[in-house]
Amino acid sequence: MARPFSVTEVEAKWQARWLDEGTYNVDNDDTRERFYALCMYPYPSGSAHQGHVRNYTFGDLVVRYQTMRGKAVLSPFGFDSFGLPAENAAIKAGSHPRIFTEDRMQELKSSVLKLGAVYDWRRFVYSHDPEYMKWAQWIFIKFFEAGLAYRAMAPVNWCPGCATVLANEQVLGDGTCERSGDVVERKNLEQWFFRITDYADELLRDVDGLEWPDRVKTMQRNWIGRSEGVEFNLTFASDPSKTLRVFTTRPDTGFGITYAVVAPEHPLLGILTTPEQKASVDKLVAEASSATEMERTASSDAGAGLDKRGAFTGSYVINPFNAEQVPVYVADYVLGTYGTGAIIAVPGEDERDYAFAQAHGLTVRRTVAAPADVEGPYSGDGPHINSGFLDGLSIAEAKVQAASFLEEKANGVRKVNYRLRDWLVSRQRFWGCPIPIIHCDNCGLVPVPEDQLPVVAPDDVVMDKSGQSPLATHEGFRAVACPTCGAPARREADTMDTFTDSSWYFLRYTDPFSKDKPFDPVEAAKWMPVDQYIGGIEHAILHLLYARFYVKALVDLKIAPGVEREPFKRLFTQGMIRLDGSKMSKSKGNLIAPEKYYPTVGADGLRVFHLFVGPPADDVDWTDQTEEVIDGCARFIDRLVRLAQGFDVTIHEATTPEDLAVTQAVHRTIARVTSDLDRWSYNTAVAALMELLNTLSRQSRSDEGISKTTLDDALDTMLLLLAPMAPHISAELWEERRPTDRSVHQQSWPVADPAMLVEETITMVIQVNGKVKTRLEVAPGISEEEAGRLALSTPEVIEALEGQPAQRVVARPPRLVNVVK
RNA sequence: GGGGGCGUAGCCCAAUGGCAGAGGCAAGGCGCUUAAACCGCCUCCAGUGUGGGUUCGAGUCCCACCGCCCCUACCA
């Protein structure tokens, strides 16, 4: 489309100026009120896609808007530059992941610059920068020394394609790897963990105080999964000296226990299993341990509907409530990693137990009276039955009694369990931050001394397809003298989960200049917490949870004393871009590259589109009409340009009532746009500016015209309001109009004059029974009585009342009166 | 199975319990033009997924259902 100005020239000019002048650099001794705006740490995936554009458009708007509001705004940028895609690509291409990664960092950085997004580039941080790695490793060592990092054998998810261990959350619902799509297997390996469960309670509690979308808060709570219950012993029927420890949240259903179940990996399984049952138990265990997530979930939808596979162990335990002997089963629906790895089964009240009981012909006994129409398990409330001393009690009452009973009789203890597990942080990969630990036969696990940090992976590695991490087999890297005793020792070959890098980068941004510490806690405390964090919903659980944990741990370890314990005060999650119903993403190959728009509609046009297309939190459907909408946004800019350049404008001398109306519209727009930007209603903010431009343009082109002052003031205000949205053209037009003045971006945000917001008369709607009958022009300050009186005196109301007195008059002056007949 | 979101004009979306239309796209007409594009002006188009409820008043709040989307999933 033909544009009335050179888009590429204007945009390049201003981008260069912001970069060269460091317009958005902010110093730590700045005395203005502080504001920390941050978009989530991006993985360098190459040139930006529309999701990035959307993200950085919102982020940049916040930065520029808050700057105009007089704040010292911290706007940093960096890259989450470690990670599997680079490593896989390097293996494929036979090159080094660094080369691949840095190319893509350049690309994404240049895309972001072309969008006109502004940052303090002096604070640039990237994960594979040795300076950053040094402190990442230093923090790891502090965690290790504090007992927050530990090693343990763990049944882990093994992806054969990636030849690495995956975190649970990297395994998709269908049991495949989120990266490679391979079917994930289970293996027992020694791994590094962070003790995030120490913070489970605080992580859960603090969710309440966050200004985050409710659904993200709910997701965090569900992920942590707190449940209160009782842990107690079941005595072996064959040997009263042996017990099986179980956990339940429903001790009140104890009289309904008809069997018990242990997980396939339960340590007592061996002694529980009788010789006659050994074959079938072994078979079940073998199936369960080789079972992939895929096989476990493939048979049906999920949850209680799954096949309840299991085997009788041959042993019995005694139900402490009624002294009955009940059989012990092994089944893979009981998890070894949760609770005690063993449960009581109450098929009358639990869906999963019920399904298992049905499948294995076990007794079902209700302990809570269920409504007549309930046939299967009933988990609702009701009086207890068949339950001895609990009969007649509600669930809540019975829980208390039963827990006390178990405390007395069965070594019971009230306990809180969490679904949250410790964070498995080791990865058998090359392209990550090496774990700074040395394995010494004499001294055990020895941290790498601080003066030898960072541990950097050697460059002379062979990136081949063997699946082995190049670090594991690199003798030059692994062979090292023990820092404590000097004996030959081995360096740890695992690297850290990249979620560790994104768990403290925002702290480094506050003070990336420190050479002798990860960041200055005083500077960090001044900037933190992040005032506005912006990112995708896909990070709603893990990244946010891990970062919250890191900050709490760093504060407790006195590395970040004085820093707020919650890092992200306000979170905004943007909607995703979808094409033909599915998410627009590189992996799906359905990208619409932003690059094609820069020479035509420009970054400004594309930004206005992303702001205008719909509520920022909603998904965007990229349809056949989208191109036309984008053109429409560029057209809006063009109309403004032509008006600013005086095209087709008629100027008159005196100030007329029409001029006043225009000025009032300008001030109403200031109020609207300001409140819209504050509440993330960017689509309506753009609409308000379009509306103002329509008003202004119509008046300027009309025969009577507009006064120069009115037009100038209106245009100046428009440019100020538009500056955070379309920063290039706003700056350019501002400069054309006020060449000696400071840039529009260094101006103060306009404030609406209250006098200009007052309307002389207001249209008051007169309703009868909620139906509009007529409208009156009234003074804004009209009283309730006066409004009601006026309404009752209108011919329309008199006619509608048909001579009857009004039953009621609801007056809401000055907007509305409703007469109830 | 659990949790959350969304259904308003041909389409994208506004309306913060008070006149259903702010803005845009598309369509049609007129003007400008040798002509077209651009540009300008004008017009057309819904009673808010369905059924109840609360209220003087419901697109908005509550309940149920229908449709679509997202997250989560054997956590005892």
Side-chain angles (χ1 to χ4, degrees), chain A residues 1-4 173 213-216 218-219 221-223 225 227 229 246-250 261 296-297 301-308 331-335 337-346 350-353 355-356 417-421 537-538 540-541 575-576 578 581 583 609 612-615 617-621 623-633 635-636 638-639 642 647-648 672 675 679 681 683-691 693-694 697-698 701 763-772 774-775 806-812 815-821:
Chain A
M1 56 190 293
R3 306 291 302 270
D214 281 340
R215 62 191 193 123
V216 176
T218 303
M219 284 159 80
R221 290 192 190 102
N222 291 345
W223 192 260
S227 54
V246 292
F247 174 75
T248 183
T249 55
R250 292 291 305 272
V261 190
R296 294 182 64 190
T297 55
D301 278 339
L306 281 178
D307 285 351
K308 284 291 179 283
D332 62 355
Y333 84 93
V334 172
L335 308 174
T337 50
Y338 183 78
T340 62
I343 62 157
I344 54 168
V346 284
D350 184 281
E351 264 188 73
R352 296 151 305 177
D353 296 344
F356 188 85
N417 263 323
Y418 295 93
R419 209 188 76 106
L420 181 70
R421 307 298 149 80
I537 190 76
E538 65 272 19
I541 299 176
M576 64 183 186
R578 45 183 9 147
K583 182 180 176 173
F609 162 75
F612 180 65
V613 66
D618 287 9
D619 289 349
V620 177
D621 265 309
T623 67
D624 295 343
Q625 252 186 24
T626 299
E627 296 290 338
E628 280 149 346
V629 176
I630 295 173
D631 285 347
C633 291
R635 209 145 49 220
F636 160 64
D638 290 349
R639 297 209 299 138
R642 279 191 293 267
F647 181 81
D648 228 12
R672 276 171 67 185
S675 105
R679 65 188 180 109
S681 186
N683 51 328
T684 53
V686 174
L689 288 178
M690 289 175 167
E691 189 183 353
L693 181 60
N694 288 345
S697 170
R698 194 172 301 121
R701 291 162 169 279
T763 305
M764 185 166 75
V765 173
I766 312 300
Q767 299 178 334
V768 173
N769 286 346
K771 300 270 185 293
V772 179
T774 185
R775 299 175 175 82
Q807 290 215 357
R808 191 175 161 188
V809 179
V810 183
R812 292 284 177 274
R815 296 279 172 202
L816 178 135
V817 177
N818 186 19
V819 178
V820 184
K821 195 174 159 184

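Every value quoted in this text rests on a predicted model; they were computed, and no experiment measured them. A note on names: the letters A, B, ... follow the listed sequences, proteins ahead of strands, and every chain is numbered from 1.
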- [ ] Starting at atom CG of A:Leu816, determine the distance to atom P of B:A20, rounded to an integer number of angstrom.
- [x] 10 Å

Task: Closest listed nucleotide, where the reference is the side chain of A:Val772 and the choices are B:A20, B:C70, B:A76 - done: B:A20

- [ ] Please state the C1' separation for the pair B:C45 and B:G5 - nearest whole angstrom.
- [x] 29 Å

TODO: Taking only the side-chain heavy atoms of A:Trp223 (C-beta and beyond), determine which of B:A73, B:A76, B:G24 contains the nearest atom.
DONE: B:A73

- [ ] Tell which nucleotide pairs with B:A37, taking only Watson-Crick or G-U wobble pairs whose two distances are both under 3.5 angstrom.
- [x] none

Open item on the list: To the nearest 0.5 Å, what is the distance between CD on A:Glu627 and CD1 on A:Ile630?
Closed with: 5.0 Å

Task: Side chain of A:Thr248 - closest among B:C19, B:A76, B:C74 - done: B:A76

Task: Side chains of A:Arg642 and A:Asp648 in contact at under 4.5 Å (non-hydrogen atoms) - done: no

Open item on the list: What contact category does A:Arg701 fall into here, base, sugar-phosphate, or nothing, at under 4.0 angstrom with non-hydrogen atoms?
Closed with: sugar-phosphate

Task: Min side-chain heavy-atom separation A:Val772-A:Ile766 under 4.5 Å - done: no

TODO: Classify every nucleotide of nucleotides 4-15 of chain B by which part a protein heavy atom approaches to under 4.0 Å, writing B for the base, S for the sugar-phosphate alone and - for neither, in 5'-to-3' order.
DONE: S-----BBSSSS

Open item on the list: Please report the distance, rounded to the nearest Å, between CG in A:Asp631 and C1' in B:A37.
Closed with: 13 Å

Open item on the list: In this structure, how many angstroms lie between the P atom of B:U72 and the CG atom of A:Asn222, rounded?
Closed with: 11 Å

- [ ] Look at atom CZ of A:Arg215 and say whether more than 12 heavy atoms of other residues, nucleotides or ligands are closer to it than 6.0 Å.
- [x] no

TODO: Drop me the distance from A:Arg578's CZ to A:Asp621's CG, to the nearest 0.5 angstrom.
DONE: 6.0 Å

Task: Worked verdict on A:Arg639 versus A:Asn694 for side chain to side chain donor-acceptor pair (under 3.5 Å) - done: CA-CA 9 Å; A:Arg639 297 209 299 138; A:Asn694 288 345; 2.2 Å; yes

Task: Paired nucleotide for B:G10 [Watson-Crick or G-U wobble; both distances under 3.5 Å] - done: B:C25

Task: Span that lies between the C1' atom of B:A58 and that of B:C68, in whole angstrom - done: 24 Å

Task: Pair assignment for B:U55, Watson-Crick or G-U wobble, requiring both distances under 3.5 Å - done: none

Open item on the list: Is the ring pair A:Tyr338/A:Phe247 parallel, tilted or perpendicular, if the boundaries are 30 and 60 degrees?
Closed with: perpendicular

- [ ] Grab the CD-C1' distance between A:Glu627 and B:C25 for me, whole Å please.
- [x] 13 Å

Open item on the list: Less than 4.5 Å apart, side chain to side chain, heavy atoms only: is that true for A:Asp350 and A:Arg250?
Closed with: no

Task: Check: A:Arg808/A:Asn818 side-chain N/O donor and acceptor closer than 3.5 Å - done: no

Task: Nearest-Å distance for atom pair CD/P, residues A:Glu628 and B:A26 - done: 5 Å

Open item on the list: Any strand counts, and the cut-off is 3.5 Å on both contacts for Watson-Crick or G-U wobble. Which nucleotide pairs with B:C44?
Closed with: none

- [ ] Using the P atom on both, measure B:U48 against B:C39 and round to a whole Å.
- [x] 36 Å

Open item on the list: Side chain of A:Arg419, heavy atoms from C-beta onward: which of B:A73, B:C19, B:C56 has the nearest atom to it?
Closed with: B:A73

- [ ] Measure from the side chain of A:Glu691, starting at C-beta and using heavy atoms only, and say which of B:C56, B:C70, B:G23 lies closest.
- [x] B:G23

Open item on the list: For a quick check of understanding: with a heavy-atom distance under 4.0 Å over all strands, which category does A:Val765 fall into, base, sugar-phosphate or nothing?
Closed with: base

Task: Mate of B:A64 where both pairing distances stay under 3.5 Å, Watson-Crick or G-U - done: B:U50

TODO: Could you work out the separation of B:G7 and B:G49 based on their C1' atoms and round it to a whole Å?
DONE: 6 Å

TODO: By nearest nucleotide on RNA chain B, pick out whichever of A:Asn818 and A:Ala687 is the more 5' one.
DONE: A:Ala687

Task: Where the chi angle of B:G47 falls, syn if within 90° of 0 and anti if not - done: syn

Task: Same-atom distance (P) from B:U8 to B:C61, integer angstrom - done: 15 Å

TODO: Identify whether any heavy atom of A:Gln807 sits under 4.0 Å from a base atom; if not, whether one sits that close to sugar-phosphate; answer base, sugar-phosphate or nothing.
DONE: nothing

TODO: Return the value, rounded to whole Å, for the distance between atom CG of A:Asp350 and atom C1' of B:A76.
DONE: 6 Å

Task: Euclidean distance for P, B:U16 against B:C62 (whole angstrom) - done: 16 Å

Open item on the list: Under 4.0 Å, heavy atoms only, any strand: does A:Ser227 hit a base, just the sugar-phosphate, or nothing?
Closed with: sugar-phosphate

Open item on the list: Are A:Leu816 and A:Gln767 packed together at the side-chain level, in the sense that at least one heavy-atom pair is separated by less than 4.5 angstrom?
Closed with: yes

TODO: Using the closest heavy atom to pick a nucleotide of RNA chain B for each, name whichever of A:Gly339 or A:Ile537 lands nearer the 5' end.
DONE: A:Ile537

- [ ] Using the C1' atom as the reference point in each nucleotide, state the distance between B:A20 and B:G67 in Å, no decimals.
- [x] 23 Å

Could you go through nucleotides 52-55 of chain B and list every protein N or O atom that sits under 3.5 Å from one of its N or O atoms, giving the distance for each pair?
none

Open item on the list: Test of understanding: with ring-ring contact (aromatic ring centres under 6.0 Å, His included), list the residues that count as partners of A:Phe612, not counting sequence neighbours.
Closed with: none

Task: Side chain of A:Asn694 (C-beta onward), nearest among B:A76, B:G24, B:A22 - done: B:G24

Open item on the list: Could you tell me how far B:C56 sits from B:A64 if I compare only their C1' atoms? Round to whole Å.
Closed with: 26 Å

Task: pair A:Asp353-A:Ile343: side-chain heavy atoms closer than 4.5 Å - done: yes

Open item on the list: Ignoring hydrogens, what is the shortest heavy-atom contact between A:Val261 and A:Val334? Give both atom names and the distance.
Closed with: CG1-CG2, 3.5 Å

Open item on the list: Output the rounded distance in Å from NZ (A:Lys771) to P (B:G57).
Closed with: 10 Å

TODO: Mind calculating the distance between CZ (A:Arg639) and C1' (B:C41) to the nearest angstrom?
DONE: 12 Å

TODO: From the options B:C25, B:C71, B:C19, select the nucleotide whose nearest atom is closest to the side chain of A:Arg635.
DONE: B:C25

